[in-house]
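Order of the sequence lines sets the chain letters (A, B, ...), proteins ahead of strands, with each chain counted from 1.
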Amino acid sequence: MAASIPFDARQHLASLLRAALASVAPERGLVEILLERPKQASHGDFASNLALQLARELKTNPRQIAERLVRELPPSAAVAKVEIAGAGFINFTLTPAARTAVVPAVLAAGHGFGRGAPKAGKAAQRLQVEFVSANPTGPLHVGHGRGAAYGASLASLLAFAGYDVTREYYVNDAGRQMDILAVSAWLRYLELFDEPVPFPPNGYQGGYVREMAEQVKTAHGDRYVHPAEAVLACLPETEDIEAKLDGLILAGKDLLGEDWAYIHGHVLNEQLTDCRADLEEFGVHFDVWFSERSLYETGMVERAVATLEKSGHIYLQDGAKWFSSTAFGDEKDRVVQRDNGIYTYFASDIAYHLNKFERGFDKVIDVWGADHHGYIPRVKGALAASGADADRLDVTLVQFVSLFREGQKASMSTRSGEYVTLRQLREEVGNDACRFFYMLRKCDQALDFDLDLAKSQSNENPVYYVQYAHARICSVLAQWEGDQAALGAVDLAPLQHEREFALCARLAEFPELIQVAARDYAPHALAFYLKDLAGDFHGWYNAERVLVDDKATREARLALAMATRQVLQNGLSLLGVSQPVSM
RNA sequence: GCGCUCGUAGCUCAAUGGAUAGAGUACUGGCCUCCGAAGCCAGGGGUUGUGGGUUCGAUCCCCGCCGAGCGCGCCA
């Protein structure tokens, strides 16, 4: 018995319809034949709208076309019933054997059930997913958590669907924000030695900055101490707080000299290490941590701007170099190199994306916060202007997370340090609930996260509903004490209830769902699927007893339960959610 | 003002252009001497913001309006 080859009912029915179409309307042979799973059980296992599609061109009543198609359908051992319904839908009901065929297929494939064949040929094969990429200037917050959960689940989903996926984090280790963090830590350090310089309101206020100052003091004593007067003497006469902050950074660089690099490197390393540990604990892993600074060190930024200049899309104005992004649909042109010679963040981002393309990815997927949406036209424009295929870049926007605590919207400013960290959220709600909760809405939907609700009602989180189904199956299989490996070959004829067929249909849907969700970059569809699957299982489990006296019935039901457990495992692991044996 | 995204049950959210728009939650009423009640079954709940258009068929595609979030820097 070829249990390892899943019976593909959809493909089978499509071939039957194509044969019927060839005799009813041979000239329409190219029309796409779609088979969908009806929402209502009374509409059968699969439905085709082929007759409706043809009605217009054939200028015939769709029901008449449907009748002709059904008459011409080749006979099939897998089809129990064909009905014409509604406006002209052709509804197929499969035989019991065809409906349960998925069970041995699941058990044979195991962890591989649902896995797509490696993409080959013209299809994009090598994908890169870049996500989180938060500035390493402080702890990750709940907004980053959403990007992390989405990106990680998406990457896993794409890999399972058959793509070769690289997960990447872009480290902004070259910009002003890192300088601000370094000077913030240094000022806190000076405070420890009674050399207080008024702390800038736009510096990083969080407690972790003081902690890093303490670390530097413990490791190196007063080595980096300079009199507060010396620092203040460097400051420009201005009321502009940003200019003042830049003055403080310059003061730090001047007074510390070579030692500035140590402070800068220390705070960067501390934050990056913390960020990485946070994400790993969250089950989010990256293959590549890509340094922005390396783009400067290898001359890639210069090269990228030079490429744009050569293509004639750069002009000089007010001493700065501008990229004419309006020619590519942007609202206005953008500076790539300032009048002081310093490249903008945009310049390094162009270099970064060109570098991604040079690494040979067929598709580059950026997961960005929704506030960056205005950035898309200029990046795509720069890629097009550089002679690259901008369509190889897909940008997915993840909408904001608003936190509510006691009915109040919580502040989310990184610099003020008044925000709920991802770590706090994980500790309050738990990793599994966190990962699953983030996936319970599509990414382009703004998310209101009620902390009190998540905490107080954590037992009502849908993730437990899914995990509970898994634990129940584990429990039943353990009580049976039989040979689980033998269940893949049992006779499934005793499966006769509608709930059993519905559960089988749900299992059979899994491989299709993987492909569709991967195509749409929609891992949330997987979370909703698992909820539905668990619901089908709980309903069946409450209606029918598994460990009955009759051996044939018992084993058939155990096989169905075990197949369900397998699909729950495959799906939950893609979402980074654990599959407890007991709860 | 211009641009991007969004608007679905009281609340939180689903729905490859398909049939009577679905779940959860809350509310009401049932189900454990029997495999885990973190469960199941049943019930009420909707003019899919609004007005047009395309289509055999629109929550989905197009246009106007209303409302919300975000963006519009030689910041990152």
Please tell me if [X] has a side-chain N or O lying less than 4.0 Å from either OP1 or OP2 of [N].
{"X": "A:Arg499", "N": "B:rC40", "answer": "no"}
{"X": "A:Thr344", "N": "B:rC74", "answer": "no"}
{"X": "A:Gln445", "N": "B:rA14", "answer": "yes"}
{"X": "A:Arg338", "N": "B:rC75", "answer": "yes"}
{"X": "A:Lys442", "N": "B:rA15", "answer": "yes"}
{"X": "A:His538", "N": "B:rA23", "answer": "no"}

[N] versus [M] - spacing of their [atom1] atoms, nearest Å:
{"N": "B:rG43", "M": "B:rU5", "atom1": "P", "result": "40 Å"}
{"N": "B:rA21", "M": "B:rG45", "atom1": "C1'", "result": "14 Å"}
{"N": "B:rG46", "M": "B:rA23", "atom1": "P", "result": "15 Å"}
{"N": "B:rG49", "M": "B:rA9", "atom1": "P", "result": "8 Å"}

Exercise. When rounded to the nearest 0.5 angstrom, what distance separates CD in A:Glu292 from CE in A:Met178?
Worked result: 10.5 Å
Exercise. Atom CD in A:Gln64, atom CD1 in A:Ile84: separation rounded to 0.5 Å?
Worked result: 10.5 Å
Regarding [X], tell me which of base, sugar-phosphate or nothing describes its non-hydrogen contacts under 4.0 Å with the strands shown.
{"X": "A:Asn340", "answer": "nothing"}
{"X": "A:Glu481", "answer": "nothing"}
{"X": "A:Asn91", "answer": "base"}
{"X": "A:Gln337", "answer": "nothing"}
{"X": "A:Phe528", "answer": "sugar-phosphate"}
{"X": "A:Ala469", "answer": "nothing"}
{"X": "A:His372", "answer": "base"}
{"X": "A:Tyr541", "answer": "base"}
{"X": "A:Arg519", "answer": "sugar-phosphate"}
{"X": "A:Ala85", "answer": "base"}
{"X": "A:Ala525", "answer": "nothing"}
{"X": "A:Tyr465", "answer": "sugar-phosphate"}
{"X": "A:Asp339", "answer": "base"}
{"X": "A:Gln479", "answer": "sugar-phosphate"}

For this session: Can you tell me which stems involve RNA chain B, if a stem is defined as three or more consecutive Watson-Crick or G-U wobble pairs, both distances under 3.5 Å?
Result: B:1-7 with B:66-72, B:10-13 with B:22-25, B:27-31 with B:39-43, B:49-53 with B:61-65
Separation of atom [atom1] in [X] from atom [atom2] in [N], rounded to whole Å:
{"X": "A:Asp536", "N": "B:rG22", "atom1": "CG", "atom2": "P", "answer": "16 Å"}
{"X": "A:Arg378", "N": "B:rC75", "atom1": "CZ", "atom2": "C1'", "answer": "11 Å"}
{"X": "A:Gln317", "N": "B:rG73", "atom1": "CD", "atom2": "C1'", "answer": "15 Å"}
{"X": "A:Gln399", "N": "B:rG7", "atom1": "CD", "atom2": "P", "answer": "10 Å"}
{"X": "A:Leu526", "N": "B:rU16", "atom1": "CG", "atom2": "C1'", "answer": "16 Å"}
{"X": "A:Gln177", "N": "B:rA76", "atom1": "CD", "atom2": "C1'", "answer": "5 Å"}
{"X": "A:His470", "N": "B:rG39", "atom1": "NE2", "atom2": "P", "answer": "17 Å"}

Exercise. Considering only heavy atoms and no angle criterion, is a donor-acceptor pair shorter than 3.5 Å present between the side chain of A:His373 and the base of B:rC70?
Worked result: yes
Exercise. With distance as the sole criterion, do the side chain of A:Asp532 and the base of B:rA14 form a donor-acceptor contact below 3.5 Å?
Worked result: no
Will you find, in the side chains of [X] and [Y], an N or O donor that is under 3.5 Å from an N or O acceptor?
{"X": "A:Asp173", "Y": "A:His264", "result": "no"}
{"X": "A:Gln484", "Y": "A:Arg565", "result": "yes"}
{"X": "A:Tyr464", "Y": "A:Asp432", "result": "no"}
{"X": "A:Thr93", "Y": "A:Asp45", "result": "no"}

Seminar exercise, completed: Whichever of A:His43 and A:Ala174 has the more 5' nearest nucleotide on RNA chain B, that residue is A:His43
For this session: With RNA chain B as reference, determine whether A:Phe437 or A:Ala320 sits nearer its 5' end, using the nearest nucleotide of each.
Result: A:Phe437
Nucleotide nearest [X] when distance is taken to its side chain, options [options]:
{"X": "A:Tyr468", "options": "B:rA19, B:rA38, B:rU16", "value": "B:rA38"}
{"X": "A:Ser582", "options": "B:rA23, B:rC13, B:rG36", "value": "B:rG36"}
{"X": "A:Lys332", "options": "B:rA19, B:rG73, B:rG71", "value": "B:rG73"}

Distances for protein N/O vs nucleotides 54-59 of chain B N/O pairs under 3.5 angstrom?
| residue | atom | partner | partner atom | Å |
| --- | --- | --- | --- | --- |
| B:rC56 | OP1 | A:Arg56 | NE | 3.0 |

Exercise. With sequence neighbours left out, which residue pairs that include part of residues 509-530 of chain A fulfil the side chain to side chain donor-acceptor pair (under 3.5 Å) condition?
Worked result: A:Arg10-A:Glu512, A:Arg37-A:Glu512, A:Lys119-A:Gln515, A:Asp394-A:Tyr521
For this session: Of all the heavy-atom pairs spanning A:Pro523 and A:Leu575, show the shortest one and how long it is.
Result: O-CD2, 4.1 Å
Problem set entry | Closest heavy-atom pair and its distance - A:Ala347, A:Val305 | CB-CG2, 4.3 Å
Exercise. Hey, mind stepping through A:Gln337 and A:Ile342 against side chain to side chain contact (heavy atoms under 4.5 Å, CB included) and telling me if it holds?
Worked result: CA-CA 6 Å; A:Gln337 190 176 23; A:Ile342 295 176; over 6 Å; no
For this session: Decide whether a cation-pi geometry holds between A:Arg545 and A:Tyr541; the criteria are a distance under 6.0 Å from NZ or CZ to the six-membered ring centre and an angle within 45° of the ring axis.
Result: no
Problem set entry | Distance flag, aromatic centroids of A:Phe290 and A:Tyr169, threshold under 6.0 Å | no
